[in-house]
2 protein chains.
Amino acid sequence: MKYCSISEASAKFNIPESTLRYYEKKGLLPLIERDEAGRRLFSEDQIALLQTVLYLKNTHMPISHIKQYIEWVVEGDDTIELRLEMLKKHKQAVLAEIALMSGSLKGIDEKIARYIKRTQERKEKNNGKEEL
Amino acid sequence: MKYCSISEASAKFNIPESTLRYYEKKGLLPLIERDEAGRRLFSEDQIALLQTVLYLKNTHMPISHIKQYIEWVVEGDDTIELRLEMLKKHKQAVLAEIALMSGSLKGIDEKIARYIKRTQERKEKNNGKEEL
DNA sequence: TGTTGACTTAAACCATGGTTTAAGTCGTAT
DNA sequence: ATACGACTTAAACCATGGTTTAAGTCAACA
């Protein structure tokens, strides 16, 4: 199983084929080969690269930056420092975003707690009414 | 300090005035009063509500859902259960998103580790060359 | 041999979440 | 009086990240 079709790649990552075509067009999936009929053939290396693209996408790196990263991958070993700095910087951004979300979730959790308290108070009131 | 202007609200949350106007138009900030000159006056309650809106926004709740939540707040105590269920459901979505991000960050961290290793190897090679 | 089904492309279309612009209204300090 | 700065509105504009459509190609199976 050396190469896979777009439908197989789509199934493997549970992502629409249209999105894979869009990513290729945007430069996130470079050098995808074709068979004689012009159909995409994803190599194992490209599947691995797609996994990386999805990691970056899932952590909200903009497509323009992912594209830059991929261009550096294609350029080869001379860009390793650049890639490293990019990923380190991105990691800090992701940690900041997770911290923001966690902080906001804390605020939401407090609202949940208050709503639970209030629903219990309302139930108690209604019990009182039933007993009248 | 019972009411504040749009510029004060903007400064308090570090959010553009245009966004506050946009949120009001979208129904996220209901019942904002005006002074005689037609300028917005944010009450303390509305500042508190804005804080909640921002918690929801920071955790990626779509504006249409935030609007629904706010409508329920305005309707009053009869919607507490609805609000509670909404926030509970949203909390699960946020936890799932944080988990996805954390998992992807792990993949990114592994790449960072490999790049660090490779940069060290390259440095060692270069040292070897220098010594020739 | 012809008809599916899987694929291709370019281009149009879409939703989301704002931001910017243009034109106008006040309050206040000079 | 006037000029400035803070505000108002409606409408136009924008970036991002896709999705959908239309028209066509090809392989394989009946």
Side-chain angles (χ1 to χ4, degrees), chain A residues 1 3-43 46 50 52-70 90 93-94 97 100-101 104, chain B residues 1 3-43 46 50 52-70 90 93-94 97 100-101 104:
Chain A
M1 210 221 248
Y3 284 91
C4 73
S5 69
I6 193 168
S7 60
E8 289 165 334
S10 162
K12 184 168 309 210
F13 293 105
N14 194 29
I15 189 177
E17 299 181 9
S18 66
T19 302
L20 292 174
R21 295 193 188 100
Y22 169 73
Y23 284 176
E24 189 193 18
K25 186 157 56 171
K26 285 296 188 173
L28 272 48
L29 301 175
L31 311 174
I32 305 271
E33 294 174 59
R34 308 292 152 125
D35 67 10
E36 322 74 43
R39 287 171 296 198
R40 285 171 183 80
L41 291 176
F42 291 79
S43 71
Q46 278 153 352
L50 175 52
T52 300
V53 165
L54 295 178
Y55 285 153
L56 297 175
K57 186 201 96 165
N58 288 338
T59 52
H60 308 153
M61 182 184 282
I63 284 188
S64 59
H65 292 199
I66 302 179
K67 180 184 175 184
Q68 173 67 271
Y69 175 81
I70 294 298
H90 180 58
V94 175
E97 194 184 346
L100 178 64
M101 290 178 74
S104 298
Chain B
M1 211 221 246
Y3 285 92
C4 72
S5 69
I6 194 168
S7 60
E8 289 166 334
S10 163
K12 183 168 312 209
F13 293 105
N14 195 29
I15 190 178
E17 299 181 10
S18 66
T19 302
L20 291 174
R21 296 192 188 101
Y22 169 73
Y23 284 175
E24 188 193 19
K25 187 157 55 171
K26 284 295 186 173
L28 273 46
L29 300 176
L31 311 174
I32 305 270
E33 294 173 59
R34 309 291 153 124
D35 66 11
E36 323 74 44
R39 287 172 295 198
R40 285 170 184 80
L41 292 175
F42 291 77
S43 71
Q46 278 154 353
L50 175 53
T52 300
V53 166
L54 295 177
Y55 285 153
L56 296 175
K57 186 201 97 167
N58 288 338
T59 52
H60 308 153
M61 182 182 282
I63 283 188
S64 59
H65 291 199
I66 302 179
K67 180 184 176 184
Q68 172 67 270
Y69 175 81
I70 294 297
H90 180 59
V94 175
E97 195 185 346
L100 178 64
M101 291 179 74
S104 298

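Side chains are part of it too, since the values below use all heavy atoms of this structure and drop only hydrogens, waters and symmetry mates. All chains are named by letter (A, B, ...) in the order of the sequence lines, taking the proteins before the strands, and each is independently numbered beginning at 1.
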At 4.0 Å (heavy atoms only), tell me whether Ser18(A) reaches a base, stays on the sugar-phosphate, or touches nothing. base
What are the two closest non-hydrogen atoms of Leu28(A) and Val53(A), and how far apart are they? O-CG2, 3.6 Å
Look at all strands and tell whether Ser64(B) reaches a base, only sugar-phosphate, or nothing, counting heavy atoms closer than 4.0 Å. nothing
Check Gln46(B), Glu33(B), Arg40(B), Glu8(B) against Tyr3(B) for a side-chain hydrogen bond (donor to acceptor under 3.5 Å, both in side chains) and give me the one that passes. Glu33(B)
Would you mind classifying the nucleic acid contact of Arg40(A) as base, sugar-phosphate or nothing, using non-hydrogen atoms under 4.0 angstrom? sugar-phosphate
Would you mind telling me which residue lines up with the more 5' stretch of DNA chain D, Gly38(B) or Met61(A), judged by nearest nucleotide? Gly38(B)
Residues at least two apart in sequence or cross-chain that pass salt bridge (Lys or Arg N to Asp or Glu O under 4.0 Å) with Glu17(A), listed by chain then number, are Arg21(A)
Reported CG-to-OG distance for the pair Leu41(A) and Ser5(A), which is rounded to 0.5 angstrom: 8.5 Å
Indicate, with a heavy-atom threshold strictly under 4.0 Å, whether Glu36(A) touches base, sugar-phosphate, or nothing. nothing
Could you please spell out the steps behind the salt bridge (charged side-chain N to carboxylate O under 4.0 Å, His left out) verdict for Arg34(A) and Glu24(A)? CA-CA 13 Å; Arg34(A) 308 292 152 125; Glu24(A) 189 193 18; 2.4 Å; yes
Is Arg34(B) touching bases, backbone alone, or none of the nucleic acid, heavy atoms closer than 4.0 Å? sugar-phosphate
Assert: residue with more 5' nearest nucleotide on DNA chain D, out of Arg39(B) and Lys57(A), is Arg39(B)
Anything under 4.0 Å to a heavy atom of chain A counts; send over the first and last such nucleotide of DNA chain D, read 5' to 3'. dG17(D) to dA27(D)
Contact class for Ser5(A) vs. all strands (heavy atom < 4.0 Å): base, sugar-phosphate, or nothing? sugar-phosphate
NZ/Lys57(A) to CG/Leu50(A) distance, rounded to the nearest 0.5 angstrom? 9.5 Å
